[in-house]
Amino acid sequence: MPTETQPSPPHWCVLGRTPDGVFAAAHVSASGEPGAPVSIEEGTLAAFVAQHEADHSPRWVWWSTAQVYPELLAAGVRVARCHDLMLSHQILRNSEHVRGRQPLIAAAHWAEPAALADTHEVPASLPEPALFDLDRAPAARDHRDTLAEALAEFGRQRAAVDSSSAAGRLSLLLAAESAGALIAAELSAAGLPWDTAEHNRILIETLGPRPASAAEKPARMLAMAAQVREALGDPLASLDSPPKLLRALRAAGIAVESTSQWELYEHEHPAIAPLLAYKKLSRLLTANGWAWLDEWVRDGRYRPVYVPGGVVTGRWASNGGGALQLPRLLRRALRADPGWVLVSADVSQLEPRVLAAMSGDRAMAAAGRGSDLYAGLVAGGVVDTREEAKFAMLGAMYGATSGDSGRLVPQLRRGFPAAMRLVDDAAAAGERGGTVTTWLGRSSPPPDAEWNNVQAAASLPGASRRDEDAARRSARERGRFTRNFVVQGTAAEWALAWLAEIRGKLTDFAPVPAAREAPASGTVFARVPHLAFFLHDEVIVHSPAEHADAVALVVEEAAATAGRRLFGGAPVDFRLELSVGERAEKP
DNA sequence: TAAAGAGGCGCG
DNA sequence: AAAGCGCGCCTCTTTA
């Protein structure tokens, strides 16, 4: 700890705009004292940031990483750490650990536009993109990005954390969330190395040659469609319109309620197999076909848009490019540049392990030690087969009450009472209309007005059976949501800590010679190992081949570090499936 | 004619 | 394949 006689190092550097739209910065010392604002000449922001980053690497405090950081990266400037005011605001104003939430809630203009729309404080017709448009005239720009507002909000957030009952955990969460925002921007900047030729080959092999126009269907789809129509005895049957398809199926004597594949599987009819095949092909064509390739892959890089904190549980969402839905069929198209490799890792059974750690369930932790957790459940005699173990765990975390999954939950409850109590308590809180909170302090939203109305209606004297059923049903639904929230949300926190740790360690690698660079990764990443993909519990690092083993070690050690950061000495292993190679496809 | 909703399916 | 959480995106249909 620095003594009073030592000058406080400028821990934070708050960035915002002056009223006339020019960037300005103010240092804030460890004690919270802001220094005098320094204005930054037009067009010199990147140089300013680079200089300060080299001098003392402050934690940059800014309104929105997504707003500021892409431009810095494009200018070749990386930052080590930041505090994203927007993301932090969302966490703090909802967190049950924060006692003094009122100042944050009162600063309603800091909320996301979507959240404002929910409370009808903003007309639904408000053009949302305008709020994020840097190119607008300064006068019309949102006032949230002024330096004065940033300093005020930063002060509110520090006070909120200091007053909370879990300052250490919340600080860790805000740091991890902000690191995630940096990483999301860096992932888009670096891109995922994509083998367009291989993707095209897969499309041709699966669908047939690319039709001359998008209006035409590929040959294999036409062939499947012909088989379906033949089998249905209906040469004009429409396969692309669910209502029409449903009528055609019924007319052919197939008694289905919907056209979804899980229901079609139940029926024996010569039309079923080609119809399911047609649906698969159609999905590939529309979601990740040639149009997707043309739109999303440039210069050998797929650059999706990630949205950190975009999911209510804290998981990332994506907005454009469908990064979180890449079909496994296309994994072969992920391919490192020549002389580089992809280091791919995914966490085995992340959510059950997180549940074991947060509940302190020693038996469940033991089941996951040194091996596959599901195999551990079998070895421990809780269930008979690995498949049963998997379904039982999913049922426990999602709140299954029926089916094979629900049937196995009681066995889990006997074997792992502590873990099950944690999720059962979370479900009970949700059913009562309460909120639940993740390990680091992200709280679930309270029930909306509609939910409260339904519950209230059922407890009125004249409530009908229908009212009561509706209330019970929506209570149970909410219980399943809060049950899953604590596990999914804490797993997302673990994953952020893992990512942040990997990112930090990757900066230690020396750049490879210019002759070996991967220019499509952008100036910042062309010569160093960098994160290239993230998907909830899975990362891919694009690395010069000679660093592959060291990078793999970094990824592995980061998992252990993340476990310690969150859970201290909890005896839970976070095991990875690691692979290193030119392609990311699993063996 | 554009927006909103529903159905369906990809991912974890 | 399993019914049970969280998403995004595409298509077709209904609604304003």
Side-chain angles (χ1 to χ4, degrees), chain A residues 124-125 214 217 238-247 256-267 272 275-276 278-289 291-292 295-296 304-331 346-352 354-355 385 387-388 390-409 423 426-427 430 436 438 442 444-445 476-492 494-495 533-539:
Chain A
S125 61
K217 287 186 174 143
S238 165
L239 308 191
D240 298 320
S241 160
K244 289 178 190 164
L245 175 59
L246 187 59
R247 281 196 290 274
V256 284
E257 296 298 316
S258 76
T259 64
S260 60
Q261 46 183 338
W262 66 265
E263 196 180 349
L264 292 172
Y265 270 115
E266 311 282 310
H267 291 80
I272 300 291
L275 177 55
L276 291 171
Y278 178 88
K279 282 167 165 279
K280 283 260 180 278
L281 299 180
S282 174
R283 167 75 192 191
L284 177 64
L285 175 69
T286 56
N288 297 99
W292 181 90
E295 185 177 356
W296 290 101
V305 181
Y306 296 94
V307 185
V311 176
V312 64
T313 57
R315 274 186 173 183
W316 288 9
S318 68
N319 172 16
L324 309 183
Q325 304 146 256
L326 281 182
R328 303 215 73 98
L329 175 70
L330 290 181
R331 287 300 175 100
D346 66 64
V347 196
S348 308
Q349 305 105 26
L350 175 58
E351 293 190 354
V354 158
L355 174 57
T385 67
E387 281 301 278
E388 283 188 345
K390 187 173 170 180
F391 281 104
M393 277 308 316
L394 290 177
M397 293 185 299
Y398 294 163
T401 54
S402 61
D404 286 355
S405 188
R407 178 174 59 77
L408 294 162
V409 172
V423 287
V436 295
T438 60
R442 189 189 308 263
S444 66
R476 294 233 168 104
E477 267 172 28
R478 187 150 194 288
R480 290 196 299 273
F481 165 63
T482 51
R483 170 190 292 272
N484 186 248
F485 183 95
V486 292
V487 180
Q488 188 184 115
T490 303
W494 182 93
F533 190 62
F534 171 59
L535 179 51
H536 305 316
D537 61 355
E538 182 179 347
V539 304

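In what follows, chains carry the letters A, B, and so on, assigned in the order in which the sequence lines appear, proteins first and then strands, with residues in each chain numbered from 1.
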Close side-chain approach of [X] to [Y], heavy-atom, < 4.5 Å:
X	Y	result
Trp494(A)	Asp537(A)	no
Tyr265(A)	Leu276(A)	yes
Leu275(A)	Leu245(A)	yes

Next on the checklist: Is it the case that the base of dA1(C) and the side chain of Glu266(A) share a donor-acceptor contact (distance under 3.5 Å, atom types as modelled)?
Outcome noted: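 By the distance-only test, no, there is no pair.
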Next on the checklist: Any N or O donor-acceptor pair under 3.5 Å from the base of dC7(C) to the side chain of Arg315(A)?
Outcome noted: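 No pair found.
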Find the distance [X]:[atom1] to [N]:[atom2] and express it as a whole number of Å.
X	N	atom1	atom2	answer
Asp537(A)	dC7(C)	CG	P	17 Å
Asp404(A)	dG4(C)	CG	P	12 Å
Leu276(A)	dG8(B)	CG	P	13 Å
Leu350(A)	dG6(C)	CG	C1'	14 Å
Glu538(A)	dG10(B)	CD	C1'	14 Å
Trp262(A)	dA3(C)	CH2	P	8 Å
Tyr278(A)	dC9(B)	OH	P	13 Å
Glu257(A)	dG7(B)	CD	P	12 Å

Measure from the side-chain heavy atoms of [X] and tell me the nearest of [options].
X	options	value
Tyr398(A)	dA2(C), dG6(C), dC5(C)	dC5(C)
Val312(A)	dA3(C), dG6(C), dG8(B)	dG6(C)
Arg283(A)	dG8(B), dA2(C), dG4(C)	dG8(B)

Next on the checklist: According to side chain to side chain contact (heavy atoms under 4.5 Å, CB included), who are the partners of Pro242(A), at least two apart in sequence or on a separate chain?
Outcome noted: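 For Pro242(A), the residues satisfying side chain to side chain contact (heavy atoms under 4.5 Å, CB included) (neighbours in sequence not counted) are Thr259(A).
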Next on the checklist: Using the side chain to side chain contact (heavy atoms under 4.5 Å, CB included) criterion, which residues pair with Ala400(A)? Sequence neighbours excluded.
Outcome noted: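 Per chain and number, Ala400(A) pairs via side chain to side chain contact (heavy atoms under 4.5 Å, CB included) with Ser405(A).
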Next on the checklist: Within residues 316-326 of chain A, which residues have any heavy atom lying less than 4.0 Å from an atom of DNA chain B?
Outcome noted: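 Contacting residues: Leu324(A), Gln325(A), Leu326(A).
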Next on the checklist: Using 0.5 Å steps for rounding, measure from the CG atom of Leu535(A) to the CG atom of Leu326(A).
Outcome noted: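 So the gap between those two atoms works out to 7.5 Å.
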Next on the checklist: To the nearest 0.5 Å, what is the distance between CD on Glu538(A) and CG on Leu324(A)?
Outcome noted: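 The distance works out to 10.5 Å.
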Next on the checklist: Once side-chain hydrogen bond (donor to acceptor under 3.5 Å, both in side chains) is applied, what residue pairs with a partner in residues 238-247 of chain A remain, sequence neighbours excluded?
Outcome noted: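 Sorted pair list: Lys217(A)-Asp240(A), Asp240(A)-Tyr278(A).
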Item to check | Pairs involving residues 478-491 of chain A, ordered by first then second residue, that meet side-chain hydrogen bond (donor to acceptor under 3.5 Å, both in side chains) (sequence neighbours left out) | outcome: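 Qualifying pairs: Thr313(A)-Gln488(A), Asp424(A)-Arg483(A), Asn484(A)-Gln488(A).
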Item to check | With Phe534(A) via ring-ring contact (aromatic ring centres under 6.0 Å, His included) - residues at least two apart | outcome: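 For Phe534(A) the ring-ring contact (aromatic ring centres under 6.0 Å, His included) partners, ignoring immediate neighbours, are Trp316(A).
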Item to check | Residue met sooner reading DNA chain C from 5', once Met397(A) and Tyr265(A) are mapped to nucleotides | outcome: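 Looking at the nearest nucleotide for each, Tyr265(A) comes out on the 5' side.
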Does a side-chain N or O of [X] approach OP1 or OP2 of [N] to a distance below 4.0 Å, or not?
X	N	result
Lys279(A)	dC9(B)	yes
Thr313(A)	dC5(C)	no
Gln261(A)	dG10(B)	yes

Item to check | Where DNA chain C forms stems, i.e. three or more consecutive Watson-Crick or G-U pairs with both distances under 3.5 Å | outcome: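 When the pairs of DNA chain C are grouped into runs of at least three, the stems are B:1-12 with C:5-16.
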Checklist entry - Nucleotide by nucleotide, 5' to 3', does protein get under 4.0 Å of the base (B), only the sugar-phosphate (S), or neither (-) in nucleotides 11-16 of chain C, counting heavy atoms? => result SSS---
Item to check | Flag, side chain of Glu263(A) to backbone of Ser258(A), donor-acceptor distance under 3.5 Å | outcome: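 Between the backbone of Ser258(A) and the side chain of Glu263(A) there is a qualifying donor-acceptor contact (under 3.5 Å).
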Next on the checklist: Using modelled atom types and a 3.5 Å cut-off, is there a donor and acceptor pairing between side-chain atoms of Trp292(A) and backbone atoms of Thr286(A)?
Outcome noted: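 Such a contact is absent between Trp292(A) side chain and Thr286(A) backbone.
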Run the salt bridge (charged side-chain N to carboxylate O under 4.0 Å, His left out) test against [X] and tell me which residues pass, sequence neighbours left out.
X	value
Glu257(A)	Arg250(A)
Arg315(A)	Glu351(A)
Lys279(A)	none

Item to check | Proximity to DNA chain C (any heavy atom under 4.0 Å), residues of residues 476-485 of chain A only | outcome: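 Close to the strand are Arg480(A), Phe481(A), Asn484(A).
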Next on the checklist: At 4.0 Å (heavy atoms only), tell me whether Ser258(A) reaches a base, stays on the sugar-phosphate, or touches nothing.
Outcome noted: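 Answer is sugar-phosphate: Ser258(A) comes under 4.0 Å of backbone atoms only.
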